[in-house]
Amino acid sequence: MNRFAELLDRLAYEPGRNNKLRLMTAYFRETPDPDRGYALAALTGALSFKHAKSGLVRDLIATRADPVLFALSYDYVGDLSETVALMWPQQHPTDASSVLPAVRGSGTEKAKETGHVRHWPSPTLTDVVTTLRTLGKAELPAQLARWLDQLDETGRWALLKLVTGAMRIGVSARLAKTAVAALGSRDAHDVELIWPGLAPPYPDLFAWLEGRGDRPVNRAPAPFRPVMLAHAIEDADFARLDAADFTAEWKWDGIRVQAVSGRDAHGNVETRLYSRTGEDITRSFPDLLPSLRREGSVEGRLNDSRESVGAFRQQAFAIDGELLVVRDGRVQSFNVLQQRLNRKAVTPRLMKEFPVHLRAYDLLADGDNDLRELPFEDRRRRLVDFIAALDDPRIDLSPQVSFATWSDLAAIRADPAEAGADADAVEGVMLKRRDAPYMPGRPKGLWWKWKRDPHVIDAVLMYAQRGHGRRSSYYSDYTFGVWTAGEEGERLVPVGKAYFGFTDEELLRIDRFVRRNTTESFGPVRHVLHEPDQGLVLEIAFEGLQRSARHKSGVAMRFPRINRLRWDKPPREADRLETLERMLASEATRSNGR
Amino acid sequence: MRPQDILMPDAAGLYCKPGGFHIDPVRPVDRAIVTHGHSDHARPGHGAVLATPETLDIMRLRYGDDFAGSAQAISYGQEIRLGDVAIMFHPAGHVLGSAQIAVTHGGVRIVVSGDYKDAGDPTCTPFEIVPCDVFITEATFGLPVFSHGDAALETAKLLASVVLFPERAHLVGAYSLGKAQRVIALAREAGYDAPIYLHGAMEKVTQYYQSRGIALGDLRPARGMKKADLAGTITLAPPSATADVWTRRFPDPVRAFASGWMRVRARARQRGVELPLVISDHADWNGLTRTIAATGAGEIWVTHGQEDALVHWCRAQGLAARPLALVGYGDEDGEQDAVPFSGGEDGS
């Protein structure tokens with residue numbers, strides 16, 4: 001656990017990507033199986049311990065610390081594991097020699113020699129992982145407390161990060177895979193391709209990377225493939241890009257999904273629907289499954305010799321697409337789709353009122369063929385054939401938008417009427433390089449998203465709360481409001497909260513402003529001065545508006561963020577609730593198609 | 001006599017009506033008592049200032065000879081009467097010349113601690129417990145997550161890193177007044193006798209420390225040094241400078257920062273610190289609670305910092321406690337020094 005804790009600690013302080021990679025690769029090289037495999041699992045988020053929830057950690061600290069002091073400390077530190085690690089009463093005196101070598105900087109071999117020295121037993125990473133897997137819920141608290149007593153502050157922190165699954169050390173799964181791939185001078189893409197069939201502690205992966213074994217084969221019948229994402233395009237990018245290299249599609253305002261089907265070792269068909277993060281959401285959309293599962297139709301199609309090959313092939317496929325609600329042939333806005341999401345029970349009524357639909361963007365696998373290395377144009381051709389053969393009303397093809405120049409496309413994007421009645425569900429256009437393979441993550445320059453211009457209003461900062469993670473201890477969560485006529489004249493009514501959209505430098509300035517202009521504090525919430533002539537105006541950008549009974553103002557914004565700080569603008573010049581009401585009315589008109 | 005009739009906050013700071021003076025006022029007043037030389041506590045433009053000789057010297061260094069209408073020096077343990085109010089200064093252990101102010105009136109003694117620490121510091125007079133009825137404490141590190149540990153171990157961490165990376169320069173962010181000199185003294189105590197380099201903004205105040213008999217060894221300006229010659233060396237600089245273009249003159253610098261905030265990872269990360277050194281000139285949570293108990297005060301007023309937790313703790317101990325809303329004081333590491341020492345500024 002100590003070596004792993006040291007790695008996490010150093011990663012947490014290391015800002016540079018290359019140095020992070022060096023630290024991780026060195027760790028994977030120097031640490032034996034199975035510890036390094038479990039470390040890789042931890043870094044890629046592949047471990048989860050169902051009983052070890054943050055609530056349990058809170059209960060544990062409650063047995064050792066005053067609850068009020070804990071709450072205040074947590075509010076300040078902004079990270080549960082770190083708060084508990086810092087507050088946990090030390091059981092053993094730390095050996096002085098263990099403090100000295102904790103040098104943080106870029107990796108060197110020396111750090112290993114000077115690892116922590118202890119005079120009492122502390123668990124290995126493998127001990128922790130294997131114990132947690134088998135331990136019953138009832139025994140867990142006592143075991144965790146024992147480990148916390150055995151470890152020092154860094155060890156406690158790493159243990160809690162591990163068991164609660166919230167690492168937040170600035171390492172993405174992709175970066176960890178890049179680091180492990182470097183063991184065999186390969187890149188992350190090679191690891192991503194076989195990743196879905198692997199399981200911790202990945203002995204076959206390490207064996208392959210170190211030249212001791214064959215390339216592992218992906219054996220999951222319907223595995224998730226890591227999703228390819230787009231960069232937001234900016235005006236300056238167009239100058240460097242040739243319109244002829246790209247195709248364009250509408251960017252649909254639904255949720256990105258992957259529909260996968262395959263046969264297991266017994267020949268049974270398995271069909272799954274995954275979110276863009278790989279979460280299995282099959283059960284939330286039972287109404288889409290018959291369209292993806294073709295068992296019933298195989299026999300019938302076998303009679304048609306031309307179709308038969310396609311019918312077999314359909315048993316294994318992976319479609320990348322957008323989940324949308326379609327009523328009367330028209331795609332509904334995200335607001336409508338949202339009512340279908342996060343429901344505990346999927347009732348027949350819900351399925352009838354919000355019929356879901358898959359709009360296909362890409363074909364990643366067809367039968368036994370992994371298509372991801374093919375150029376987009378080739379994949380698209382196969383997708384067109386595939387969707388045609390599927391011939392199901394719930395699954396269709398994302399249409400392409402033809403254009404010759406960037407200015408053509410700009411005009412189309414500004415007026416998506418070309419998409420007909422579905423224009424309300426279009427949030428922009430997607431640009432895809434014709435020759436781009438399907439690469440997991442957000443590779444540079446292959447896919448671009450070009451969103452429609454967001455809505456913008458000026459609002460006044462009213463309340464602030466401290467943020468979490470990297471922003472802990474800074475006031476970085478802002479509630480903002482707009483003017484409305486009240487009984488005693490003009491007053492501000494809160495209309496939303498924003499957490500991002502500003503630079504670190506701007507954050508420091510706002511944080512300082514909040515600290516110096518707090519009029520009252522209620523627990524963690526600071527009331528910030530907001531008078532007609534004193535206060536801070538925030539330009540807020542957002543994607544959409546809807547009616548909300550939960551908000552005092554009666555409106556809720558979608559995806560609000562801070563567009564600009566208007567230090568120059570007095571609060572009295574900020575927008576009014578009526579402006580939002582008008583926007584709401586025009587949104588409603590748009591989504592009703594009137 | 002109710003304590004709030006002796007000392008109450010007003011717009012300028014903590015005001016003593018019966019004595020007619022403010023303590024650490026944040027805007028110009030007629031008569032000011034100043035606890036120590038940090039710029040948020042010691043501001044220019046007052047009519048008259050009463051402070052320790054060191055604090056007055058530091059104000060003079062920072063603001064020039066005309067920093068106040070008049071200045072009066074007072075030593076630790078010396079009593080002065082202002083009206084019916086008796087004033088006595090006691091060491092606060094925060095920085096050179098820092099003092100707690102005991103204000104006694106009508107049989108009630110209030111101690112204004114200013115900023116303080118009960119941990120050892122080779123560069124200033126050790127903190128002293130002053131028994132009192134009301135203790136006004138700071139709360140910069142007033143949360144149980146703050147435990148500063150042993151500054152000697154943190155110093156050893158720095159020195160080990162210098163050995164480990166002989167090809168790199170070590171840049172230690174440290175507040176110009178107090179922290180910088182303490183880090184140097186700690187390094188000397190640990191046996192580090194190589195030259196230590198200084199950013200221009202801390203030369204003057206460090207020379208002042210030396211002139212007061214504090215041994216800091218061989219100190220040199222970083223200015224004018226060849227890049228290659230700075231490999232394997234330690235340079236002290238104001239925290240803001242360690243993230244500045246100024247650092248380009250150093251070979252692959254390891255950015256260290258000496259501050260109590262370094263106990264919290266997010267704080268270190270926010271500043272891009274690679275080598276956090278938990279060295280603070282403020283009392284940590286145990287220091288604060290230990291001190292509060294030792295003063296024997298029945299009533300505790302808690303000011304600048306994390307007031308809520310300390311007030312809660314006091315109440316749980318059966319002590320009357322309340323937060324005292326004083327504005328304008330920062331922790332010196334949290335923000336850049338509003339008023340740097342002039343001269344020798346090496347901002348390029």
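The OG1 atom of A:T154 sits 5.5 Å away from the CZ atom of B:R265 when rounded to the nearest 0.5 Å. Considering CZ of B:F146 and CE of A:M87, their distance stands at 11.5 Å, rounded to 0.5 Å. The distance from atom CG of A:D66 to atom CH2 of B:W313, rounded to the nearest 0.5 Å, is 11.5 Å. Taking CG from A:L72 and NE2 from B:H312, the interatomic distance works out to 8.0 Å, rounded to the nearest 0.5 Å.
Interface residue B:R263: backbone and side-chain heavy atoms are both found under 4.5 Å from chain A.
Remark: B:R322 CZ is packed, more than 12 non-hydrogen atoms of other residues, nucleotides or ligands lying under 6.0 Å away. Within 6.0 Å of CD on A:E505 lie no more than 12 heavy atoms contributed by other residues, nucleotides or ligands.
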Quiz item: For B:L143 and A:L69, what are the C-alpha separation, side-chain angles and deciding distance, and is it a side chain to side chain contact (heavy atoms under 4.5 Å, CB included)?
Solution: CA-CA 7 Å; B:L143 283 173; A:L69 294 180; 6.0 Å; no

Quiz item: Could you go step by step and tell me if A:E82 and B:V264 meet the side chain to side chain contact (heavy atoms under 4.5 Å, CB included) rule?
Solution: CA-CA 8 Å; A:E82 186 170 358; B:V264 176; 4.0 Å; yes

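For the set A:L508, A:L86, A:L507, A:T518, the entry with the most heavy-atom pairs within less than 4.5 Å of chain B is A:L86.
For the pair B:R267 and A:Y76, the NZ or CZ position fails the cation-pi test of under 6.0 Å to the six-membered ring centre and within 45 degrees of the ring normal.
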